[in-house]
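These notes concern the structure reproduced below.
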Amino acid sequence: MQKPSEYDNKRKKTLRWGYLFAVGALCVFVLFIGRIILLQNTNVQEIKDDYINNNYRTATLKAARGNLYASDGSILATTVMRYDVYLDFKTIKDTVYTNNIGPLTDSLSKMFGKPRADFRKRFDEQRKKKNQYYSLVKGLDFDEYDRIRKFPIFRRGKNKGGFIIDRNYKRELATSEIGAGTIGIDNGVAKAGLEGAFSKFLTGTDGERLEQRVNSSQWKPIDFWKVKEPTDGQDVYTTLDLRIQDIAHSALEKQLVNFEAKHGTVIVMEVATGKVRAMVNLRETEPGVYEDAYNYGLKDNIEPGSTFKTISLLAAMDDGFIDESTTVNVGNGVWTYAKQRISDGHGGGTYEISDVLAKSSNVGTAKLITKFYADKPQIFLDHLRRWKLFDKMDIELPGITKPRILTPKSKSWNAATLASISYGYATNINLLQLTTFYNGIANNGKMLKPLFIDKIMKDGKTIFEAKEEVIVKKMASEKAIQMMTSALTKAVEKGTGRSIFTPNLKMAGKTGTARFEYWLPGPMKYRASFAGFYPADNPKYTCYVMISEPNVSKGFYGGTVSAPVFKEIAGKTFLKTPQNVEKEMLVDRKVNLNKMVEPNVKIAVNNKQMPSVVGLIGKNAIPQLENLGYRVDFKGVGRIKEQFPLEGTTITKNQRIYLTLQN
């Protein structure tokens, strides 16, 4: 028999391996088909729940809230970045840890003022546990973060140094004292003030990121997988003028201290636009210490007292019942009407109509209003309705109260109620609504809605600009408005407001002194008020001042307690060089006005090189950088003292720039 050739042997061997490969491939194919069938008949949701959902989650990436500015661009509230530091000890190699733990704990000890041994003990314990997300410190600002990330081990980053950073946003007020109650909050639970009013614009759109479970209670972010980037909020420019706000704050605080009062409010409104330029509310927290924490001007309805006489007499002027020749006999200053005793705090005799306001006569006002409207009080009340004094004001700020004025339909109405209303009782109105009324007189009878928002900006572009809104086109006849303006001017020149008269600034206004809680036993409580506008012959600002519960032994009349605050505000906000104004009015300002008048310096980025912005004013530099397409994180106010990236560093569009300002 012939032996197989070498060729045949090789051929058989090749065929044998071919058969084996084919059988193996068939087996793999069968297993593959079987796996597909198994997966199709397996509860995929159960696998997802058991592994993916238990070990990974989608977390929220908070968007940065937009900045809140004063009308001149000064920052009122801003969002600053805060850094939380976590350590992943599994990623740090033994040699790296052993060779660098000493210098690291030395650096941490110097930074945080704790013994290095304390850090070493904690780190050794966490390393044995192989903790992948140990919380080292939270709430660092950028300077602190920039320092700690350069420490030994940490400088190697996340993958080699176990250095994990979680960035969070924190809301901070740039003016911690001035206007804090007006600026308000929005913490997700409660909304108040400007922050709450404009939250829909300030709030951005949150993003999402993937996080991986570390242990039963900790998750760490997977930085390279961000499902959705957040969109930061819009910037809101309010109508507040920080200079006027500061002047009003200082003037009110000084008078509250002098008269040992419980609380006070100042509202300053721009006549031509209705823009609220200042709103200050101060209450006593301890003897001689006041803080702006509650908005009395919006949230409290009060019986205004004599400042309401302006409203009552304007109605009669508009109806033609009284004019410059009208007189009223107030007798000895005491009058009983419908079994109610009405009295004046001074003088008697026959008053001209201007004297009724100038001398703030309760008797004169009540006699005139009851004479013309007692039989038909609805005609008088219709004026109040037309002036929106029964309506809750439609403004952006939350919490404003609805006025309460008695009508013949009220159970409490009696024959004497109309007389009480005429001089500011049996009626409850918030101070903003009263300011708006006086502003309408100053604006020649055109009543405007109070405005708190100036404009809204996004990425350096204006997307909304507020316009004046007319509430009442013509409050009264031109003759009635002129007559009332003359009477209010006389009240300052010769009446109850004469203590603030100055020949250098013509002012018009009305004092108010109202008792409250008079039905309770104990000492009498008073609210002292002054409402008016200036200059009287061409009004620019309307101002309402109310001081509650002054020490009666020191004074309680509106002309003594509140009118000086009005005068100080008027003198400082209008006169370039105040004359006949006390020297102390010109000191103790809390705002450096020089920061507001320096000319703007144009910023340019050449060849993608970061320019130097150190020394520039933040409110001028930041919008320019944002307009150029960069994202700016900053803290403080005033001039820029530090920047990152440094001058000359190559930067790209949409890159984040960190700035540290002076205060």
Side-chain angles (χ1 to χ4, degrees), residues 64-81 169-187 190-204 232-250 252-253 266-270 275-282 291-295 297-298 395-399 450-458 460 462 464-466 589-593 595-596 617-623 626 632-640 659 661-663:
R65 192 171 173 85
N67 292 327
L68 195 66
Y69 292 94
S71 60
D72 67 347
S74 301
I75 295 175
L76 300 177
T78 186
T79 299
V80 295
M81 185 78 76
Y169 292 114
K170 181 183 178 182
R171 197 67 169 171
E172 290 189 352
L173 299 184
T175 54
S176 59
E177 294 181 2
I178 304 174
T182 302
I183 293 171
I185 61 168
D186 179 7
N187 57 12
K191 292 185 178 182
L194 298 170
E195 286 273 25
F198 306 127
S199 191
K200 62 182 178 181
F201 305 115
L202 294 166
T203 303
D232 295 344
Q234 300 165 347
D235 294 329
V236 173
Y237 285 73
T238 70
T239 59
L240 293 183
D241 184 311
L242 197 58
R243 175 176 173 268
I244 299 177
Q245 179 83 11
D246 177 58
I247 290 170
H249 183 283
S250 298
L252 178 63
E253 185 177 42
V266 171
I267 300 173
V268 180
M269 185 180 292
E270 192 172 74
K275 293 179 178 180
V276 177
R277 293 307 188 187
M279 179 178 279
V280 182
N281 298 274
L282 297 176
E291 66 175 19
D292 188 350
Y294 177 83
N295 201 323
L298 270 66
I395 63 170
E396 299 92 344
L397 269 66
L451 295 180
F452 291 89
I453 188 169
D454 212 350
K455 61 183 177 180
I456 299 173
M457 297 188 72
K458 179 66 176 175
T462 301
F464 171 79
E465 195 160 4
R589 290 181 174 169
K590 298 179 182 177
V591 176
N592 183 354
L593 303 182
K595 294 180 180 179
M596 300 182 182
I617 295 177
K619 73 182 182 67
N620 296 335
I622 292 166
E626 290 177 339
V632 182
D633 276 357
F634 62 96
K635 64 174 184 177
V637 294
R639 295 182 182 277
I640 300 168
L659 303 177
L661 282 64
Q662 286 178 327
N663 300 314

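These numbers come from the heavy atoms of this one structure, side chains and all, not from hydrogens, waters or symmetry mates. In this text the structure is predicted, and so the values were computed from the model without any measurement.
Of the possible polar contacts, none joining the T78 side chain to the N67 backbone as a donor-acceptor pair under 3.5 Å is found. Side-chain atoms of K458 come within 3.5 Å of backbone N or O of D232 as a donor-acceptor pair. The closest donor-acceptor contact from the side chain of S250 to the backbone of D246 lies under 3.5 Å.
Annotation: ring-ring contact (aromatic ring centres under 6.0 Å, His included) contacts of Y237 (sequence neighbours excluded): Y69. E195 is linked by a salt bridge (Lys or Arg N to Asp or Glu O under 4.0 Å) to R65, R171, counting only residues two or more places apart in sequence or in another chain. Residues satisfying the ring-ring contact (aromatic ring centres under 6.0 Å, His included) test with F201, not counting sequence neighbours, are none.
Between T239 and S71 the shortest side-chain heavy-atom distance does not fall below 4.5 Å. A 4.5 Å side-chain heavy-atom check between L397 and L194 finds at least one atom pair inside the cut-off. Side-chain atoms of V632 and L659, non-hydrogen and from C-beta on, do get closer than 4.5 Å to each other. For the pair V276 and V268, the minimum side-chain heavy-atom distance is 4.5 Å or more.
By the 4.0 Å N-to-carboxylate-O rule, D454 lies close enough to K275 to be salt-bridged with it. With respect to the salt-bridge test (charged N to carboxylate O, under 4.0 angstrom), the residues R277 and E270 qualify.
Counted by atom type alone, N295 and N281 present one or more donor-acceptor pairs between their side chains at under 3.5 Å.
Summarising the geometry, atom CE belonging to M279 is positioned 4.0 Å from atom CZ belonging to F452; distances are rounded to the nearest 0.5 Å. In this structure, the separation between CG on L252 and CD1 on I247 is 13.5 Å, given to the nearest 0.5 Å. The distance from the CD1 atom of I453 to the CG atom of L240 is 11.5 Å, given to the nearest 0.5 Å.
Nearest heavy-atom pair, Q245 versus A278, reported as atom, atom and distance to 0.1 Å: OE1-CA, 3.1 Å. Summarising the geometry of R639 relative to I617, their closest heavy-atom pair is NH1-CG1, 4.0 Å, with the distance given to 0.1 Å.
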### Task
For L68 and I183, run side-chain contact (heavy atoms from CB on, under 4.5 Å): C-alpha distance rounded to whole Å, both residues' side-chain angles, the deciding distance at 0.1 Å, then the answer.
CA-CA 9 Å; L68 195 66; I183 293 171; 3.9 Å; yes

